[in-house]
Chemist: 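Handing you this structure, nothing more for now.
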Amino acid sequence: MFDIKWIRNNAEAFDGAMSRRKGEFARSVDLLNIDDRRRDIITRLNDAQEKRNALSKQIGQAKAQKDEAKAAALMAEVAQLKEIIPAAEAEERLVEEELHAALAVLPNLVFDDVPQGTDESDNVEYFGRNGTAETVASDRARKPEFSFAPREHFDVGVAKRGMDFEEAAKISGSRFVVLKGEVARLERALGQFMLDIHTLEHGYTEVQPPLLVRDEALFGTNQLPKFEEDLFFAGHGEGRLALIPTAEVPLTNLVRDAILTEGELPLRFAALTPCFRSEAGSAGRDTRGMLRQHQFNKVEMVSITTPDGSLDEHERMLGCAEAVLKKLGLHYRVMDLCTGDIGFGAKRTYDLEVWLPGQDTYREISSVSICGDFQARRMNAQYRPSGAEKVKGGLPFVHTLNGSGTAVGRCLIAVLENYQQEDGSVAIPAALQPYMGGLTSIGGDH
RNA sequence: GGAGAGGUGGCAGAGUGGCCGAAUGCACCGCACUCGAAAUGCGGCAUGGGGGUGACUCCAUCGGGGGUUCGAAUCCCUCCCUCUCCGCCA
């Protein structure tokens with residue numbers, strides 16, 4: 001959400017940066033035109049209100065002096081304002097709404113050095129601030145080698161028994177899955193494993209948030225008003241609640257309408273939750289297997305920082321997500337999303353793409369985004385600088401970041417495909433074995 | 001689900017139609033006192049918006065929205081939220 005004043009003062013920069021985004025968006029002249037009308041009506045309204053307030057005060061004084069004749073005369077004078085003011089107020093409300101609606105559908109401006117592009121094929125591999133392809137290669141697991149043709153996750157022996165799409169369809173339709181037995185346990189183990197890493201090693205506070213959220217929360221994290229069709233809603237009397245598409249929504253909105261102190265920043269929250277997405281618009285894509293489901297588990301990280309701290313926090317958060325894949329020995333790459341692929345609220349996004357040997361390709365398993373003050377403005381989340389000197393122009397907004405650490409369902413896929421054996425069993429990565437009751441392999445006894 | 005109470009500035013807490021954008025206390029900031037600190041004294045201290053080069057000035061905001069009134073923190077309606085008791089329930 002943009003500050004119209006900022007657009008007024010930075011019209012060229014705004015238009016230039018916005019034009020890098022995929023899609024058509026309002027130009028600064030159009031927005032400033034609305035704002036001009038808004039300010040004009042405000043000026044007129046203020047004048048009328050000032051007059052009314054002054055006259056009302058005089059009426060009070062006249063009545064106190066028992067001068068009823070004077071009071072009556074003043075009341076007659078103020079009577080005409082009774083028509084002007086409500087009309088002006090209605091007009092102001094309309095133009096405020098118009099401006100708000102126009103601003104609410106504008107995506108965030110990306111950083112200057114975000115790669116230009118039209119779709120995911122223009123994303124650029126990222127090797128870290130000081131990294132290279134070589135430093136990164138030595139730091140990560142390599143692609144596994146197979147003496148047989150690796151299968152896709154749903155064809156791996158153990159998954160054929162523990163992953164049932166037809167049963168799920170009977171109950172809930174397409175894009176759902178029933179996990180059973182060792183596969184279900186593996187899913188659970190992965191979630192616990194990831195959450196423990198972030199809370200015990202990375203300083204995130206574990207949170208169990210509501211999974212049903214209000215429209216205001218969705219507005220704060222940009223799902224509304226533009227992406228309503230991606231959501232599931234639960235009816236509740238007159239109102240409605242949305243099933244969270246990601247824990248980013250409740251975790252980030254923890255600081256909605258809050259005034260934090262600089263000393264308590266950064267705040268770091270992590271949660272393991274189911275996520276619900278309608279996947280409208282992706283009909284026919286990834287229909288086999290559990291890559292793209294209406295419901296999936298995900299560990300989400302959210303950081304709330306000062307403006308000065310957000311860039312470093314972004315790199316740090318990326319490292320937190322990478323740590324999961326490193327510990328699991330999964331091969332992956334990091335992509336710096338181009339302007340055509342980056343999400344609505346982000347100034348920069350790193351995607352972690354894990355190697356899936358069964359598909360012979362990389363697939364997104366985590367997305368780590370820095371949003372600047374974009375969401376903070378929508379949520380009205382500010383902080384009080386510790387300098388304590390009076391801040392000109394109001395309190396500053398916090399910066400928000402979010403990242404998956406990681407998608408549990410997709411990580412399950414990655415483990416199944418990368419650790420599959422020729423006999424259909426799946427080896428359990430060492431780091432995960434404590435979470436599997438010490439098992440070193442599943443599906444081996446069939 | 002039934003009955004009741006309540007939402008006021010960073011916090012606590014007064015305020016039932018004009019003298020209230022709001023007492024008082026705490027916290028915070030500045031100054032004085034002090035070698036320094038504490039204590040004490042004095043002063044400052046909500047947010048958003050409009051106009052003005054500026055000193056400044058005006059408007060709005062007492063949970064959100066609407067209404068009554070010349071005038072609303074205060075009266076009415078409605079929504080949201082919190083708390084207490086009863087009922088039901090995991």
Side-chain angles (χ1 to χ4, degrees), chain A residues 1-9 31-100 103 208-220 235-242 250 253-265 267 373 376-398:
Chain A
M1 189 80 166
F2 291 98
D3 178 5
I4 187 65
K5 277 188 182 168
W6 184 89
I7 295 177
R8 185 172 287 280
N9 295 328
L31 300 165
L32 293 176
N33 188 281
I34 301 173
D35 190 46
D36 285 340
R37 284 170 22 229
R38 180 183 139 266
R39 297 209 292 188
D40 180 60
I41 182 63
I42 285 175
T43 303
R44 283 190 283 133
L45 175 61
N46 279 2
D47 287 348
Q49 287 170 324
E50 180 184 355
K51 206 186 265 178
R52 180 199 62 194
N53 290 347
L55 288 171
S56 290
K57 209 159 237 171
Q58 290 177 40
I59 292 170
Q61 288 164 357
K63 289 206 166 185
Q65 294 163 7
K66 307 275 188 228
D67 190 346
E68 292 298 333
K70 185 178 178 189
L74 289 166
M75 282 166 73
E77 195 176 338
V78 87
Q80 58 172 325
L81 292 171
K82 298 234 359 166
E83 294 186 24
I84 298 175
I85 290 176
E89 281 174 344
E91 201 180 328
E92 188 208 354
R93 211 173 304 135
L94 278 178
V95 72
E96 293 272 14
E97 276 169 21
E98 185 181 351
L99 183 62
H100 184 266
L103 292 173
Q208 290 264 7
L211 306 181
L212 295 169
V213 296
R214 315 163 138 261
D215 281 13
E216 295 94 293
L218 294 160
F219 181 84
H236 174 64
E238 298 285 305
R240 64 174 187 180
L241 291 169
N253 277 282
L254 286 173
V255 298
R256 144 176 297 278
D257 283 325
I259 299 177
L260 306 162
T261 59
E262 183 169 352
E264 63 189 309
L265 300 176
L267 290 171
D373 64 3
R377 288 180 179 281
R378 298 171 86 97
M379 291 189 303
N380 189 29
Q382 301 168 307
Y383 75 100
R384 205 173 288 284
S386 47
E389 71 276 5
K390 178 100 174 153
V391 188
K392 234 183 158 172
L395 293 174
F397 290 95
V398 298

Chemist: Measure from CD1 on A:I41 to P on B:G50 and round the result to the nearest Å.
Modeler: 14 Å
Chemist: Measure the distance from NE2 on A:H100 to P on B:G65 and round it to the nearest whole Å.
Modeler: 13 Å
Chemist: Would you give the length of the straight line joining atom CZ of A:R38 to atom NE2 of A:H100, rounded to the nearest 0.5 angstrom?
Modeler: 12.0 Å
Chemist: Quote, to the nearest angstrom, the P distance that separates B:A37 from B:C29.
Modeler: 13 Å
Chemist: In whole Å, measure the gap between the C1' atoms of B:G10 and B:G36 for me.
Modeler: 29 Å
Chemist: Please list, pair by pair, any protein nitrogen or oxygen found under 3.5 Å from a nitrogen or oxygen in nucleotides 17-22 of chain B.
Modeler:
unit_1: B:G18; atom_1: N2; unit_2: A:S56; atom_2: O; d: 2.7

Chemist: Does A:K5 come within less than 4.0 Å of A:D35, counting only side-chain N to carboxylate O?
Modeler: no
Chemist: Does A:R214 place a side-chain N or O at less than 4.0 Å from the phosphate oxygens OP1/OP2 of B:C81?
Modeler: yes
Chemist: What is the pairing partner of B:G17, taking Watson-Crick or G-U wobble pairs with both distances under 3.5 Å in any strand?
Modeler: none
Chemist: Find the distance between CD (A:E91) and CD1 (A:I42) and round it off to the nearest 0.5 Å.
Modeler: 11.0 Å
Chemist: OP1 or OP2 of B:A60 sitting under 4.0 Å from any side-chain N/O of A:R52?
Modeler: yes
Chemist: What is the separation between atom CD on A:E92 and atom C1' on B:U61, rounded to the nearest whole Å?
Modeler: 13 Å
Chemist: Within a reach of under 6.0 Å around CD of A:E264, are more than 12 heavy atoms found that belong to other residues, nucleotides or ligands?
Modeler: yes
Chemist: Is any side-chain nitrogen or oxygen of A:R39 closer than 4.0 Å to OP1 or OP2 of B:C59?
Modeler: no
Chemist: Paired with B:U74 by Watson-Crick or G-U wobble geometry, both distances under 3.5 Å: which nucleotide is it?
Modeler: none
Chemist: A:Q382 CD to B:G9 P: how many Å, rounded?
Modeler: 15 Å
Chemist: Would you measure the distance from the P atom in B:C77 across to the matching atom in B:U82 and give it in whole Å?
Modeler: 22 Å
Chemist: Roughly, in whole Å, what's the span from CD in A:E216 to C1' in B:G64?
Modeler: 10 Å
Chemist: What heavy-atom pair brings A:F2 and A:L103 nearest, and what distance separates the two atoms?
Modeler: O-CD1, 3.6 Å
Chemist: Quick one: is A:N46 getting a side-chain N or O under 4.0 Å of the B:G51 phosphate, OP1 or OP2?
Modeler: no
Chemist: Checking all strands, does A:D47 fall into the base, sugar-phosphate, or nothing category for heavy-atom contacts under 4.0 angstrom?
Modeler: nothing
Chemist: Taking the side chain of A:M75 as its heavy atoms from C-beta onward, which of B:G66, B:C59, B:C70 lies nearest to it?
Modeler: B:C70
Chemist: Return the value, rounded to whole Å, for the distance between atom CG of A:L81 and atom C1' of B:C59.
Modeler: 14 Å
Chemist: Atom CD of A:Q49 and atom P of B:C70: how far apart are they, to the nearest Å?
Modeler: 17 Å
Chemist: Tell me if a side-chain donor or acceptor on A:N253 pairs with a main-chain N or O of A:A217 at a distance below 3.5 Å.
Modeler: yes
Chemist: Could you tell me the separation between the CZ atom of A:R256 and the C1' atom of B:C80, rounded to a whole number of Å?
Modeler: 13 Å
Chemist: Once you apply the 3.5 Å cut-off to both distances, tell me the Watson-Crick or G-U wobble partner of B:U69, or none.
Modeler: none
Chemist: Please give me the minimum heavy-atom distance between A:L31 and A:L99, naming the atom from each residue.
Modeler: O-CD1, 4.0 Å
Chemist: Answer with base, sugar-phosphate or nothing: what part of the nucleic acid does A:K5 contact at a heavy-atom distance below 4.0 Å?
Modeler: sugar-phosphate
Chemist: Measuring only the C1' atom in each nucleotide, how far is B:C79 from B:G7? A whole number of Å is fine.
Modeler: 14 Å
Chemist: Using atom P of each nucleotide, how far apart are B:A14 and B:U24 to the nearest Å?
Modeler: 15 Å
Chemist: Could you please name the partner base of B:A55, counting Watson-Crick and G-U wobble pairs only when both distances are under 3.5 Å?
Modeler: none
Chemist: Between A:L45 and A:A88, what is the shortest heavy-atom contact and its length?
Modeler: CD1-CB, 3.7 Å
Chemist: If you assign A:K51 and A:I42 each to the RNA chain B nucleotide with the nearest heavy atom, which residue ends up on the more 5' nucleotide?
Modeler: A:I42
Chemist: Should A:R37 and A:D40 be marked as a salt bridge (Lys or Arg N to Asp or Glu O under 4.0 Å) after you check the CA-CA gap, both sets of side-chain angles, and the distance that decides it?
Modeler: CA-CA 5 Å; A:R37 284 170 22 229; A:D40 180 60; over 6 Å; no
Chemist: Taking the P atom in each of B:G65 and B:U74, what is the distance between them to the nearest angstrom?
Modeler: 13 Å
Chemist: Rounding to the closest angstrom, what is the interatomic distance between B:A73 and B:A22 at atom P?
Modeler: 12 Å
Chemist: Return the nucleotide paired to B:G1: Watson-Crick means purine N1 to pyrimidine N3 with N6-O4 or O6-N4, wobble means G-U with N1-O2 and O6-N3, both under 3.5 Å.
Modeler: B:C86
Chemist: Rounding to an integer number of angstrom, what distance separates B:C81 and B:G43 when you compare their P atoms?
Modeler: 44 Å
Chemist: Tell me which nucleotide, if any, is Watson-Crick or G-U wobble paired with B:A22 when both distances must be under 3.5 Å.
Modeler: none
Chemist: Return the nucleotide paired to B:G30: Watson-Crick means purine N1 to pyrimidine N3 with N6-O4 or O6-N4, wobble means G-U with N1-O2 and O6-N3, both under 3.5 Å.
Modeler: B:C42
Chemist: Under 3.5 Å for both donor-acceptor distances, Watson-Crick or wobble: does B:A60 have a partner, and if so which one?
Modeler: B:U47
Chemist: Closest nucleotide of RNA chain B for A:E89 versus for A:K82: which of these residues is on the 5' side?
Modeler: A:E89
Chemist: Do the non-hydrogen side-chain atoms of A:E89 and A:Q49 ever get within less than 4.5 Å of each other?
Modeler: yes
